[in-house]
Amino acid sequence: MRAGRSGFAAVVAGTLALGAFTAPPAQAADTGVKMSNVVLNKGKPIIVGTSAEVFPTLTYRLSWPSGLKQSDVSAFLYLYHGTTAAKAPERKRIRMVLAACEDGTVAADCRGELYVDPRYTLDSNNDATTWKSAVWIQIWNAKGGLKSEQYLPLTPTVRVKRAAKVTVDASPEPVVKGRKLAVTGKITRADWAKHKYTGFGGKAAKLQFRKAGTSTYKTVKIVKANSTGALKTTVTASVDGYWRWTFGETNTTGGATAAGDYVDVK
């Protein structure tokens, strides 16, 4: 792939992406092309909801033998899990859709984007796991025909996680100072099989409070959600301020923080 600083070397989206990944078979060989210094999504997990498309970033260095020109080489990075790089089903690959490489003689630094559509690629909650990376390398001849290709496993991995949400409601509003305030909420997370958000039962969340006129939230207590993801607790009202629920990431699910719910204390 080749391009100067001003342009993308490849735009692989929609039907073009499908066509690129289903090219006519060519001779499998050690092409000598290498991909190194791969950084996926800036080293962070890829968090995906139920409908919004996600475009994780990537950077890498591509090198090729001196007998090849940069224009002879195409390299498509993709993510997969549960199988080998060559056998990963087309539908179960998170693919590179944009790439831009500097001009080089035998190597080039590149940047690009991956593409995740939860309605297509992610159809099971078991997809919330560690995904491996690989590159599909193609070598083209002078007439534009596919000369050879190679599926090359790479070392970097990335966690793909289910997006989560949490709500909050503090009542009554307003409340008399010294009286009990009920704070409720619900934790949900993306269900990729049902394509909707469902309750995240048993997850612990922090109840936090920010006094009016200040900028910092402080944790008041930790509450465990019931089997449907519902949160409920009571506190004593003392001053005006904002209440919220928050929780961190797990191995399979992203974290979430509710917007603060303001309560006026009389």
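The closest side-chain donor-acceptor pair between Lys221 and Thr233 falls under 3.5 angstrom. Donor-acceptor pairing under 3.5 Å is lacking for the side chains of Thr59 and Arg111. Side-chain contact of Trp192 with Thr50: a donor-acceptor pair under 3.5 Å is absent, judged by distance alone.
At distances below 3.5 Å, not a single donor-acceptor pair connects side-chain atoms of Asp264 with backbone N or O atoms of Pro174. Checked by atom type and distance alone, the side chain of Ser171 never pairs as donor or acceptor with a backbone atom of Glu173 at under 3.5 Å. Counting only distance, with no hydrogens or angles, the side chain of Lys206 and the backbone of Lys218 share no donor-acceptor pair below 3.5 Å. Side chain of Asp191 to main chain of Lys196: no donor-acceptor pair is present (N/O by atom type, distance under 3.5 Å, no hydrogens or angles). Distance alone, capped at 3.5 Å, places no donor-acceptor pair between the Arg61 side chain and the Met35 backbone. Side-chain N or O atoms of Gln138 include none that pairs as donor or acceptor with a backbone N or O of Asp72 at under 3.5 Å. The main-chain N or O of Thr105 is found under 3.5 Å from a side-chain atom of Trp64 such that the two form a donor-acceptor pair. Side-chain atoms of Thr214 come within 3.5 Å of backbone atoms of Lys211 as a donor-acceptor pair (strictly under, hydrogens ignored). The main-chain N or O of Ala193 is never found under 3.5 Å from a side-chain atom of Asp123 such that the two would form a donor-acceptor pair. Using a distance-only test at 3.5 Å, with no hydrogens or angles considered, a donor-acceptor pair links the side chain of Ser133 to the main chain of Pro156.
Here OG1 of Thr167 is found 7.5 Å from CG of Leu231. Values are rounded to the nearest 0.5 Å. The structure places CZ of Arg179 at 14.0 Å from OG1 of Thr234, a figure rounded to the nearest 0.5 Å. We find the CD1-NZ distance between Ile139 and Lys147 to be 8.0 Å, quoted to the nearest 0.5 Å.
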Task: Audit row: Thr253, Arg189, side chain to side chain donor-acceptor pair (under 3.5 Å) steps and yes/no - done: CA-CA 7 Å; Thr253 307; Arg189 59 177 171 174; 2.8 Å; yes
TODO: Please assess Thr219 against Thr246 for the test side-chain contact (heavy atoms from CB on, under 4.5 Å), listing each intermediate value before the final yes or no.
DONE: CA-CA 9 Å; Thr219 299; Thr246 184; 5.9 Å; no
TODO: May I have the step-by-step check of side-chain contact (heavy atoms from CB on, under 4.5 Å) for Trp243 and Leu207, ending in yes or no?
DONE: CA-CA 7 Å; Trp243 294 91; Leu207 176 64; 3.9 Å; yes
Open item on the list: Before you tell me yes or no, could you show the steps for Tyr115 and Phe55 under ring pair (Phe, Tyr, Trp, His ring centres under 6.0 Å), namely the whole-Å CA-CA distance, both residues' side-chain angles and the distance that decides it to 0.1 Å?
Closed with: CA-CA 5 Å; Tyr115 172 70; Phe55 296 87; 5.4 Å; yes
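Remark: Arg93 fails to qualify as a cation-pi partner of Tyr80 under the 6.0 Å distance and 45° angle criteria applied to the six-membered ring. Seen from the ring of Tyr120, Arg91 counts as a face-on cation partner, given the 6.0 Å and 45° thresholds. With a 6.0 Å cutoff to the six-membered ring centre and a 45° limit on the axis angle, Arg95 does not count as a cation-pi contact of Tyr78.
Note: Tyr151 and Trp136 have parallel aromatic rings, judged against thresholds of 30 and 60 degrees for the angle between ring planes.
Residues Val265 and Val239 are not in side-chain contact: their nearest non-hydrogen atoms beyond the backbone lie 4.5 Å or more apart.
For Lys92, the NZ atom sits in a packed shell: over 12 heavy atoms of surrounding residues, nucleotides or ligands are nearer than 6.0 Å.
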